[in-house]
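Since the structure comes first, as structure tokens, the remarks are kept for the end.
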2 protein chains.
Amino acid sequence: MMEKFVAKITVAASEGKKLGVEDPRRIIHSLKVGLAITLVSLFYYFDTLYQGFGVSAMWAVITVVVVFEFSVGATLGRGVNRAIATLLAGSLGVGAHRLANILGEKLEPVFLGFSVFLVVSSVTFIRFHPKLKARFDYGLLIFILTFCLISVSGYRDDEVLKMAHKRLSTILIGGSAAVVVCSFICPIWAGEDLHNLIAGNIENLGIFLEGFGHEYFQTSDGKLLDDKASVDEYKSVLNSKGTEEYLANFAKWEPRHGRFRYRHPWDQYLKIGVLVRECAYRIDALNGYLNSEMKTPAEVRDKIQESCTKMSSESSLALKELALSIKTMSSSSIADPHIVNAKTAAKKLKLLLKSDMREGTDFLEIIPAASVSSLLIEIVSSTVKIADS
Amino acid sequence: MMEKFVAKITVAASEGKKLGVEDPRRIIHSLKVGLAITLVSLFYYFDTLYQGFGVSAMWAVITVVVVFEFSVGATLGRGVNRAIATLLAGSLGVGAHRLANILGEKLEPVFLGFSVFLVVSSVTFIRFHPKLKARFDYGLLIFILTFCLISVSGYRDDEVLKMAHKRLSTILIGGSAAVVVCSFICPIWAGEDLHNLIAGNIENLGIFLEGFGHEYFQTSDGKLLDDKASVDEYKSVLNSKGTEEYLANFAKWEPRHGRFRYRHPWDQYLKIGVLVRECAYRIDALNGYLNSEMKTPAEVRDKIQESCTKMSSESSLALKELALSIKTMSSSSIADPHIVNAKTAAKKLKLLLKSDMREGTDFLEIIPAASVSSLLIEIVSSTVKIADS
């Protein structure tokens, strides 16, 4: 019983260590959240003792807990969403409340119930709109919340205004505490993450292509087993769409930082991401041939080995150069010669196949893959130039 | 100016109509949320007038707004998360509060600040754990929130207990209102969505393969243009991973409903999803050949046309049968003959190519795709049996 408990604790501790080692920013983030909430909590604590904002100060704590996210963009987005939504819904709620008061005691609950039903239903429906959902989902939720709380509160008119004012100011205090701690103490930028993710994805494809030529023709020089893990890295590219869109959304909220301007063309990254993923699907199909049951005769293999290896290694070099140039944000003319080489190799292979009319079985599949990747490379290099301009 | 405004309204209205037509459940969901919140709001309204739960009743409204989600599974998950987290954090908070009281006035804020920092930082760190994040992320957030609010509140001891009790009961009222309205009025089941998504994905692949044979060999009989849109349907399969995991998570919270038991093997769906996506990558590669610049000589085309068309149409039939059998949850022996036929066609093509040693250019690529899909079909049929057992 005791031993089991100790074993469980050990497992949990080692998992926790792994989480921290994988991305040390997680530990920093946790400490930052702790710091921000402790500050606001103590403010709230002393405030309740000396009767300043009173119970409303609780909203400062709630705001920090709910608004504080991993990256600066996400935190800013939520903070702005919350502030604007509270302001708008607050005024609308006060209006509804006042109108209800004028209508008299009997009609009041009917009118309030009806207006709450109308506002909540329509705002909930608006939340399904894909574009609004991406950027303002949280704001719409807070809009519903604030409207209900204020319009339905049983207070008298002047009390409602005072309460709304208090709540808005405490929310601003909480929101700005979250934003300040998040942006000034070891900030984590969603834009930078997106940038590195895209560059890393391109690099992974390059690494795969580098290993592919050797592995397929089995000309490996012993490093095969070491490379196996890195060759499989490209699989993460296949499903990166969600993460990319998520990060791009947050990045749009971020101000100028480091090498990125405000209004950096984040959508370009998404476009590059789509192209990279298309390339990754081709590569996944290529990878299928590595484990295929069908083997090609050795003589055929030998014939095309040279051009194929050349194509995959040149594409690999080009992709790696591109990844590097994205990382350093420089113009990417270094990759151009590799692209030219890859294209020449592809042409050579095509000629070889046409003249021979032989069984090119699996190899021919490399041509479109390589042409897709070289096409991709061209598009990527142009977009990178746009991004850096 | 006025015209512009009218134009904008028209656009917004047509977009709204599109959202509603695409999935009428969105409208029903909006009305349900409106109903639940109106009910709880009115309860709150009368309650504040007659001084029952007082300000705490506000928590009932907040709970409904935050907990009510599109599917029953999501709502139940959030509700349970919220209730348990509030209970646990509440007791821990009361404990911390009491301990702080014992320590005396000077040490109290130090101890409270320290314990808040410790709890918040560690819980925030735990939220990064992938498994816990998937199912209990919301609960952990609420845990932080409740702990801070209760432990730091400046109330006296007995007041804290009373407050915690009131808040917990109002949260239970709000949560159960949300769950009841969500589950008993036109419920939307995440499990059913997942089930239909997987079946639809398999069907889309089948539709693509049906059209592929005709389109590639250009033996179309005029229906080509009509089919173009449906052929592209498979693209949505490529990026369905996120949605599938999301739905499976919610489905795990759902009780027995319709044809699904509680603890239905939802993970099986994810496994099928992975296989379906692998097949979709192959199909995407195949699709590349439709628009490829490289054309194959007509004589070669004619040779292999029969087996290729056979393979793609038989795989298509098998996939469609599978989709149907998943939909109706029956065992899927109807698909078996098609799989056998597809395999025979693949074997025939292999022989043809071996004996002729001719340029099989793009066609050969169909073999692995077909073998992958037939492999997939076998795996799928076995998993379906498990799922239905």
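Proximity to chain A (any heavy atom under 4.5 Å) is restricted, for B:Leu112, to the side chain, taken from C-beta onward. A:Ile27 touches chain B through backbone and side chain together, each having a heavy atom under 4.5 Å away. With a 4.5 angstrom heavy-atom cutoff, A:Phe68 does not touch chain B via any of its atoms.
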Go through the steps for A:His29 and B:Phe125 under the test ring pair (Phe, Tyr, Trp, His ring centres under 6.0 Å), then give the verdict. CA-CA 8 Å; A:His29 171 71; B:Phe125 186 68; over 10 Å; no
Applying side-chain contact (heavy atoms from CB on, under 4.5 Å), run through B:Phe117 and A:Leu31 and close with a yes or a no. CA-CA 8 Å; B:Phe117 181 77; A:Leu31 296 178; 3.9 Å; yes
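A donor-acceptor pair under 3.5 Å is formed between the side chain of A:Ser121 and the backbone N or O of B:Ser30.
Counting heavy-atom pairs closer than 4.5 Å to chain B, the top residue among A:Arg26, A:His129, A:Lys32 is A:Arg26.
A distance of 9.0 Å separates CZ of B:Phe128 from CZ of A:Arg25, quoted to the nearest 0.5 Å.
Within residues 138-147 of chain A, the residues having any heavy atom under 4.5 Å from a heavy atom of chain B are, by residue number, A:Leu141, A:Ile144, A:Leu145.
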